[in-house]
*Asks:* 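Here's a structure for you.
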Protein chains: 2
Amino acid sequence: MVSPQAAAPYAQVKHFLKEQLARGRWSPGERMPSEAQLVGRFRVSRMTVNRALRELRDEGLVERVQGVGTFAAQPGRVASTLTIRDLHAEIASRGHRHHAEVHVARREVAPPALAAKLALEAGAPVFHTVIVHHENGVPLQCEDRYVSPVCAPDYLGVDFTRTTPTHYLLEVAPIWQANYTIEAAAASAEEARLLAIERGDPCLVVVRRTANRERPITIARLVHPGSRYAIEGAFAP
Amino acid sequence: MVSPQAAAPYAQVKHFLKEQLARGRWSPGERMPSEAQLVGRFRVSRMTVNRALRELRDEGLVERVQGVGTFAAQPGRVASTLTIRDLHAEIASRGHRHHAEVHVARREVAPPALAAKLALEAGAPVFHTVIVHHENGVPLQCEDRYVSPVCAPDYLGVDFTRTTPTHYLLEVAPIWQANYTIEAAAASAEEARLLAIERGDPCLVVVRRTANRERPITIARLVHPGSRYAIEGAFAP
DNA sequence: CAGTGGTCTAGACCACTGA
DNA sequence: CAGTGGTCTAGACCACTGA
């Protein structure tokens, strides 16, 4: 009998393997235990073990070859797609906990360059939030965002520990178009502090600007520790 | 009885729902059929339907709430504009000079993990090139590439100072599908040397794997100095 | 309370691989 | 051939939700 609070068996198997992989129990390319062996060790059914391994494969942690076996892949990356996707949903879909720390949430006066990008007049008010998103308690993204009060007048009234800016904005101001840049940059002292990494550590930086049919809505600078985040995607005809 | 070629039942259910979602059968937030209803309609077991829905949730296409139901998610899903561009053409289009330095171009024996990724047998030969691309004399990209001899048997005969691997491969082995990851990483000593940057400097790393209809063609790891390269894109409805 | 999704089980058949 | 992963089934128990 399993006590109610206990993690699901498939999650336990997955966690165990993840842990061992992180510790280097198997070098990349090395054969890992077969499903049958894990069934024996954990006293669970093969479907349960299979789900754990399938999810590890989907996360890029293991490789599986039918008729051959399961092998350790290069160590841990998390995945995303090049879409405007709510980070909360993304983390939840991995079965992980998300929580957000709000560091800044206020009205500011838009300096000229920013005002121009948001199609506001210089000196007009603009909303500014700085929020750090955590996955299972580990900082994953520092979201530095400016929002046009014209498109989302009630933005600052949102409880960002419960609703992400992306989620809220997608609801109140549907996106018509967006552009983005993706680059690698060294963490600033401030970013390093917020993300619990070292200054100068490589970060994946996405700058995204969205607009509706008439005007810009928001500009966000999303900084991710390079070691904890990767963008994944695919295309087919 | 299911004919051997048929897609797996879970994939059929998933495909059906994806199709309907794409057609706007359910608006965002609208309730979709329950697992029980889909079991009845497709004559499959609930585990099968559950897997289809779970994967749709993981892809961000639906939201599921225990005790309540399954709902169509906000769209948010836009085709990636990340294209496979020939770097030579990209540099030329900026009116700049491109030249390539070939550091490695040889046949090697594929270690197991690589062989699996390229659908080769372990120990089979594989082509390996390491080429540094310069824009106006400045190193812009270090291209570390493995190529399946099955798809491009004459690969090593190409003069890579005159033709880029991407250009050549697009000609001899048209791409049917591709996937990629984008991440930030610190330059290794070797990469730093090739790119004329400091070890540890942030780099934008794209790993791209392409395949034709039958089999993988090539895996490339493209390392760019963070200070010199960014990916840009836009999407609109 | 009925309906929902989350998960597990113990078996099954299959395709594939390498010895 | 034995071993592997891919998938399915038909049931089960559970937590959760909203009427």
*Asks:* Would you indicate whether A/His99, at its atom NE2, is surrounded by more than 12 heavy atoms from other residues, nucleotides or ligands within a distance under 6.0 Å?
*Replies:* yes

*Asks:* Identify the pairs formed between an N or O of the protein and an N or O of nucleotides 5-9 of chain C at a distance under 3.5 Å, and give each distance.
*Replies:*
residue: C/dG5; atom: OP1; partner: B/Thr70; partner atom: OG1; Å: 2.9
residue: C/dG5; atom: OP2; partner: B/Glu35; partner atom: N; Å: 2.9
residue: C/dG5; atom: N2; partner: B/Gln66; partner atom: NE2; Å: 2.8
residue: C/dG6; atom: OP2; partner: B/Arg64; partner atom: NH1; Å: 2.6
residue: C/dG6; atom: N7; partner: B/Arg46; partner atom: NH1; Å: 3.4
residue: C/dG6; atom: N7; partner: B/Arg46; partner atom: NH2; Å: 3.3
residue: C/dG6; atom: O6; partner: B/Arg46; partner atom: NH2; Å: 2.3
residue: C/dT7; atom: OP2; partner: A/Arg51; partner atom: NH1; Å: 3.3
residue: C/dT7; atom: OP2; partner: A/Arg51; partner atom: NH2; Å: 3.0
residue: C/dT7; atom: O4; partner: B/Arg46; partner atom: NH2; Å: 2.8
residue: C/dC8; atom: OP1; partner: A/Pro9; partner atom: N; Å: 2.6
residue: C/dC8; atom: OP1; partner: A/Tyr10; partner atom: N; Å: 2.6
residue: C/dT9; atom: OP2; partner: A/Ser45; partner atom: N; Å: 2.8
residue: C/dT9; atom: OP2; partner: A/Ser45; partner atom: OG; Å: 3.2
residue: C/dT9; atom: OP2; partner: A/Thr48; partner atom: OG1; Å: 2.7

*Asks:* Will you find, in the side chains of A/Glu135 and A/His133, an N or O donor that is under 3.5 Å from an N or O acceptor?
*Replies:* no

*Asks:* Just the dot-bracket of DNA chain C, please: which string comes out with Watson-Crick or G-U pairs under 3.5 Å, [ ] for crossing, | for another strand?
*Replies:* ||||||||||||||||||.

*Asks:* Answer yes or no: are there more than 12 heavy-atom neighbours, outside B/Arg215 itself, under 6.0 Å from its atom CZ?
*Replies:* yes

*Asks:* Looking only at the aromatic ring of each residue, does the gap between the centers of B/Tyr155 and B/Phe160 stay below 6.0 angstrom?
*Replies:* yes

*Asks:* Taking the side chain as everything from C-beta on, heavy atoms only, tell me whether A/Val223 gets closer than 4.5 Å to A/Asp144.
*Replies:*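 Side chain of A/Val223 against side chain of A/Asp144, heavy atoms only: no contact under 4.5 Å found.
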
*Asks:* Does B/His15 have more than 12 heavy atoms from other residues, nucleotides or ligands lying within 6.0 Å of its NE2?
*Replies:* no

*Asks:* Whole-Å distance between D/dT4 P and A/Glu63 CD?
*Replies:*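 Rounded to whole Å, this separation is 18 Å.
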
*Asks:* Looking at residues at least two apart in the chain, or sitting in another chain, which of them share a side-chain contact (heavy atoms from CB on, under 4.5 Å) with B/Met47?
*Replies:* A/Met47, B/Ser45

*Asks:* Side chains of B/Thr166 and B/Arg145 only: does a donor on one sit below 3.5 Å from an acceptor on the other?
*Replies:*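 A pair is found: one side chain offers a donor N or O, the other an acceptor, under 3.5 Å apart.
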
